[in-house]
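Working notes, beginning with the structure itself.
Treat the numbers as computed from the prediction; the structure is a model and nothing was measured.
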Amino acid sequence: MDKNKEIKDKNIHEGHRERVREKYINNGNLEHMKEHEILEFLLYYCYARQDTNETAHKMIKEFGSFSRLVDASPREIAKRCNVSERVAILVSLVPHLSKAYLTGKFHLKDSMSNSKLVGEYCISLFVGIHYECFYIICLDTRRRLLRAELVHEGGLDSSAVYPRVIVEAALKNRAGCVVLAHNHPGGTLMPSKSDMEVTKRLRAALATVDIELVDHVIVADNKYYSFIEKKLHF
């Protein structure tokens, strides 16, 4: 009897997997799925036979939400959810794959003359990042994208970002002008006094090598604040 039940359960699970796959292939998106169903679907590629529904529920419950789960490190996921390193790595890849996809939509030599486009690009740079970072976005004289370079990690104050580092990055990438971008994890979009001081100091440093600072963008909660759009003088 137990053997028959095991075979029956196996067939049900395999049939369920196939139906989920077909639904995704036919719809081409995950909009019809709840968070635990998305995770369940993802876990199919780590568990060949096992029912992943219960595992998905437990993992999300452990972290409180799907987003908090995928934002965690592989070691933390493996430890708290009692899953293999393989599973933990796959799950933690989600935001990083999203960042690669979003930033990949912006190609080298794409025009960045529109502040809204610059803001959207800056948002993509900070996907999956939950600590303060500072980027310099290098553009050519026609404001086409050359490169975004991470130049600082950690809290931002008036002495945290060295002008020499910014200038060197701009010169190395042969920038004609640059955009500065940093994030406020879990904070307000509004620039602080330190943000304003840093912007003025870096603008002056870049001007000594004839490189224009065209904007400074702050990112928080998938939104952006552009100094230029807000007509802040720096």
Side-chain angles (χ1 to χ4, degrees), residues 67 70-71 93-158 160-163 165-207 211-234:
S67 60
V70 301
D71 280 341
L93 276 174
V94 171
H96 305 291
L97 291 172
S98 297
K99 178 176 180 176
Y101 167 74
L102 291 171
T103 55
K105 283 180 169 289
F106 299 88
H107 304 285
L108 295 181
K109 300 297 184 179
D110 273 357
S111 173
M112 288 288 173
S113 58
N114 183 298
S115 61
K116 184 175 185 295
L117 190 64
V118 172
E120 290 173 353
Y121 179 64
C122 291
I123 289 173
S124 74
L125 288 175
F126 294 100
V127 171
I129 296 179
H130 306 285
Y131 50 90
E132 289 188 58
C133 292
F134 196 100
Y135 278 91
I136 176 174
I137 302 168
C138 298
L139 312 174
D140 66 15
T141 54
R142 294 169 62 185
R143 299 199 179 182
R144 295 178 301 181
L145 179 63
L146 296 174
R147 174 180 167 81
E149 187 165 326
L150 178 64
V151 292
H152 179 76
E153 296 180 89
L156 185 66
D157 58 43
S158 59
V161 182
Y162 297 105
V165 174
I166 298 296
V167 170
E168 286 179 354
L171 292 173
K172 178 181 69 176
N173 291 290
R174 300 182 179 180
C177 54
V178 302
V179 173
L180 303 177
H182 79 280
N183 61 335
H184 288 171
T188 175
L189 275 173
M190 294 298 295
S192 66
K193 181 180 179 181
S194 290
D195 293 337
M196 297 299 299
E197 291 175 356
V198 166
T199 306
K200 291 176 181 178
R201 193 157 55 92
L202 296 181
R203 178 181 178 274
L206 288 163
I211 297 176
E212 180 188 3
L213 174 59
V214 297
D215 201 356
H216 187 166
V217 176
I218 298 172
V219 173
D221 295 328
N222 292 318
K223 298 176 183 177
Y224 76 89
Y225 181 103
S226 162
F227 281 37
I228 288 297
E229 286 185 356
K230 301 300 182 181
K231 295 181 171 55
L232 290 185
H233 298 290
F234 54 85

- Query: What distance separates H233 NE2 from I228 CD1, expressed to the nearest 0.5 Å?
  - Reply: 9.5 Å

- Task: State, to 0.1 Å, how close L189 and V219 come at their nearest heavy-atom pair, and which atoms those are.
- Result: CD2-C, 4.1 Å

- Note on the structure: Minimal heavy-atom distance between V178 and A170, with the atoms involved, is CG1-CB, 4.0 Å

- Query: Between the main-chain N or O of S124 and the side-chain N or O of K99, is there a donor-acceptor pair closer than 3.5 Å?
  - Reply: no

- Item | Pairs touching residues 110-129 that satisfy ring pair (Phe, Tyr, Trp, His ring centres under 6.0 Å), sequence neighbours left out | F106-Y121, F126-Y135

- What distance do E153 atom CD and E132 atom CD have between them, rounded to the nearest 0.5 Å? 11.5 Å

- Item | Contact summary for A169 and I136, nearest pair of heavy atoms | CB-CG2, 3.9 Å

- Task: Could you tell me which non-hydrogen atom of V217 sits nearest to which non-hydrogen atom of G119, and how far apart they are?
- Result: CG1-CA, 4.5 Å

- Measuring from I166:CD1 to L206:CG, what's the distance to the nearest 0.5 Å? 7.0 Å

- Query: Is there a side-chain contact between D71 and H130, using heavy atoms and a 4.5 Å cut-off?
  - Reply: yes

- Can you spot which of I218, D215, L232 makes a side chain to side chain contact (heavy atoms under 4.5 Å, CB included) with S226? D215

- Message: Any donor-acceptor pair under 3.5 Å linking the side-chain atoms of S113 with those of S111?
- Response: yes

- Query: According to the salt bridge (charged side-chain N to carboxylate O under 4.0 Å, His left out) rule, which pairs have a member within residues 172-185, sequence neighbours left out?
  - Reply: E149-K172

- Task: Using only heavy-atom distances, determine whether the side chains of H216 and D195 contain a donor-acceptor pair under 3.5 Å.
- Result: no

- Task: Determine whether more than 12 heavy atoms belonging to other residues, nucleotides or ligands lie under 6.0 Å from atom CG of N114.
- Result: yes

- Message: For the CZ atom of R144 and the OG1 atom of T141, what is their distance to the nearest 0.5 Å?
- Response: 7.5 Å

- Any donor and acceptor pair, going by atom type alone, linking the side chain of D221 with main-chain N or O of K223 inside 3.5 Å? no

- Note on the structure: Residues I137 and L125: closest non-hydrogen pair is CD1-CD1, 4.0 Å

- Note on the structure: Between V151 and V165 the two heavy atoms that sit nearest each other are CB-CG1, 4.0 Å

- Message: Let me confirm one number: the NE2-OH distance from H152 to Y162, rounded to the nearest 0.5 Å.
- Response: 8.5 Å

- With the side chain counted from C-beta on, respond yes when M190 and K230 share a heavy-atom pair under 4.5 Å apart, and no when they do not. no

- Y224 and E229: side-chain contact (heavy atoms from CB on, under 4.5 Å), yes or no, with the steps? CA-CA 10 Å; Y224 76 89; E229 286 185 356; 2.9 Å; yes

- Note on the structure: So the salt bridge (charged side-chain N to carboxylate O under 4.0 Å, His left out) pairs with at least one residue in residues 177-188 (sequence neighbours excluded) are none

- Message: How long is the straight-line distance from CD1 of I211 back to CG of L202, given to the nearest 0.5 Å?
- Response: 12.0 Å

